[in-house]
There are 2 protein chains.
Amino acid sequence: MQNQSTEDYIKGIYQLRRRTGAAVSTSDLARHLKVGDGSVTDMVKRLSAKKLLNYVPYKGVTLTEVGVKLAMKTIRRHRLWEMFLVRHLGYSWDEVHEEAERLEHVTSLELEERLDRALGSPSVDPHGDPIPTREGELKELIHPSVAECREGGRYRIARVSDESPEVLQYLKKLGLTLNKRIAIKQMIKFDGSVIVEWNKREIFLSGLMARNIFVEEA
Amino acid sequence: MQNQSTEDYIKGIYQLRRRTGAAVSTSDLARHLKVGDGSVTDMVKRLSAKKLLNYVPYKGVTLTEVGVKLAMKTIRRHRLWEMFLVRHLGYSWDEVHEEAERLEHVTSLELEERLDRALGSPSVDPHGDPIPTREGELKELIHPSVAECREGGRYRIARVSDESPEVLQYLKKLGLTLNKRIAIKQMIKFDGSVIVEWNKREIFLSGLMARNIFVEEA
DNA sequence: ATATATATTTAGGTAAGCCTAAATAATCGA
DNA sequence: TCGATTATTTAGGCTTACCTAAATATATAT
Ligand SMILES: [Mn+2]
Ligand SMILES: [Mn+2]
Ligand SMILES: [Mn+2]
Ligand SMILES: [Mn+2]
């Protein structure tokens, strides 16, 4: 098993790459991990020596096959823990990320299996993010954000960005949680905000909020 | 919160001290933690600077009040996790120590509270060891070992040494788990072994085994 | 194309935790 | 009580993962 830093670097690279598609720059990774640029260059060389990633100076890093495996393993553990904390310990979806961020690094294969079994092998985490399989397969679901919906459409909330606890807290307060069914009442072009209907109430969502909620046609 | 090494050192000191009563020598601690003697001297100086313990060269270490608090917190988390893994994830008592040894260091106060609540504030762990309270109070229960029992006596198994997984596995196979009621059939002076009766069967326990099972008069 | 701005790496340091071997202190036996 | 044995500390090193500032490479704008 690898240590906390290694796993967080590899996971970070995987996630940044999913967003940009290209090689991940050391400075983007530094920002993501909240460490200095020089520290990343340093660490990235060591991870490259361990064959977890390919590093081309001034060009950025990409994960090797082994690296992707490790990313999958870490993400799987993270999301299983999030799910477990919600279902079995009464956490709400805005409280689990931090905990899972630490637990993911001290989870044996045995524990991973037992978490999975206790949850009935869930396919998504509390934020709607897919959980990689035991074998490391991850099918990314591509859902449009509320900001990209058509007026009058009816949708199911399929995923919510887990970036900020505040967004999650706010949505919880509104009642807009996973799998809730909403209708798009009005798209306000001017600032990208959206008015949705849920439970017979009209809810106003800022443009930023709308871009953090992902839906599926209902 | 402290890091893994710090917590394991402090916990180790607490546990060694409970057994011997006196200040803990650096070499005993080194053996316990499986690190070199010199490493312990090194670390112990740092922990002393942090006011977690008092270190007198050549005399050994004792925990400060703050140190004892940290030991209690760590032991509480360890034992709550052991209990949780057994009750909620189907682990058996010989499989939980290693897992808890890592989980104890990444457990927030919030998580500690939720584990405790989910378990109904248990007073002992799966091995019969008492769980410190939220406030850090620990009442050590003093039970005689089977090796110290009187022939013909009837007892309840109150605690089992969690030192070795083998002992625990063996006892599990025999069916001699916590709270089981046994009768002492014969104490064999020659080698300290004991024959006990449980569930209408006679079970032979080696001297070493007998010294690792602790009981309460029934 | 060249100067300037920005991104990235290098260099030199630090702290934590470990190791081994040498030095020294404490303890024990006769 | 003195010499030998044992326990403990010191010294010198190592690796990991950070930091900051200086140097250098790359990208951008005129
Ligand atoms: Mn993490
Ligand atoms: Mn999540
Ligand atoms: Mn531990
Ligand atoms: Mn235990």
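Just so we're on the same page: letters track the sequence lines, and every chain starts at 1.
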Side chain to side chain donor-acceptor pair (under 3.5 Å) partners of residues 205-216 of chain A, not counting sequence neighbours, each pair once: A/R156-A/E216, A/S161-A/N212
Rounded distance (Å) that lies between atom C1' of D/dT9 and atom OH of B/Y58: 5 Å
Interface with DNA chain C, restricted to residues 66-75 of chain B and to heavy atoms under 4.0 Å: none
Flag, side chain of A/T74 to backbone of A/L70, donor-acceptor distance under 3.5 Å: yes
Which residues share a salt bridge (charged side-chain N to carboxylate O under 4.0 Å, His left out) with A/D162, sequence neighbours left out: none
Residue-phosphate contact under 4.0 Å: B/S39 side-chain N/O, C/dC19 OP1/OP2: yes
Candidate nucleotides D/dT9, D/dT26, D/dC19, ranked by approach to the side chain of B/T41 - the nearest: D/dT9
Atom-pair distance (CG on B/D42; P on D/dT10), nearest Å: 10 Å
Minimum-distance nucleotide to A/M43 side chain [options: D/dA17, C/dT9, C/dC18]: D/dA17
Canonical and wobble pairing (Watson-Crick, G-U, under 3.5 Å) of DNA chain D, dot-bracket with |: ||||||||||||||||||||||||||||||
Those residues that, when tested against B/D37, pass salt bridge (charged side-chain N to carboxylate O under 4.0 Å, His left out) (two or more places apart): none
Sub-4.0 Å heavy-atom contacts from residues 2-17 of chain B onto DNA chain D, ordered by number: none
Distance test, side-chain N/O of A/T26 to OP1/OP2 of C/dA7, below 4.0 Å: no
Mutual orientation of the aromatic rings belonging to A/F84 and A/H88 [parallel < 30°, tilted 30-60°, perpendicular > 60°]: parallel
Salt bridge (Lys or Arg N to Asp or Glu O under 4.0 Å) contacts touching residues 51-70 of chain A (sequence neighbours left out): none
A/S5 and A/N3: side chain donor to acceptor below 3.5 Å: no
Set of salt bridge (charged side-chain N to carboxylate O under 4.0 Å, His left out) partners for A/R79, sequence neighbours left out: A/D125
Parallel, tilted or perpendicular, as decided by the 30° and 60° cut-offs, for the rings of A/W93 and A/H127: parallel
Partner set under salt bridge (charged side-chain N to carboxylate O under 4.0 Å, His left out) for A/E104, not counting sequence neighbours: A/K11
Distance in Å, A/R114 CZ paired with A/T107 OG1, rounded so as to fall on 0.5 Å steps: 14.0 Å
Within residues 16-28 of chain A or reaching into it, pairs that qualify as salt bridge (Lys or Arg N to Asp or Glu O under 4.0 Å) - sequence neighbours excluded: A/R18-A/E140, A/R19-A/E163, A/D28-A/R31
Those residues that, when tested against B/E7, pass side-chain hydrogen bond (donor to acceptor under 3.5 Å, both in side chains) (two or more places apart): B/H105
Interatomic distance, A/D37 CG vs D/dC18 C1' [rounded to whole Å]: 13 Å
Sorted by number, the residues of residues 44-56 of chain A with heavy-atom contact under 4.0 Å to DNA chain C: A/K45, A/Y55
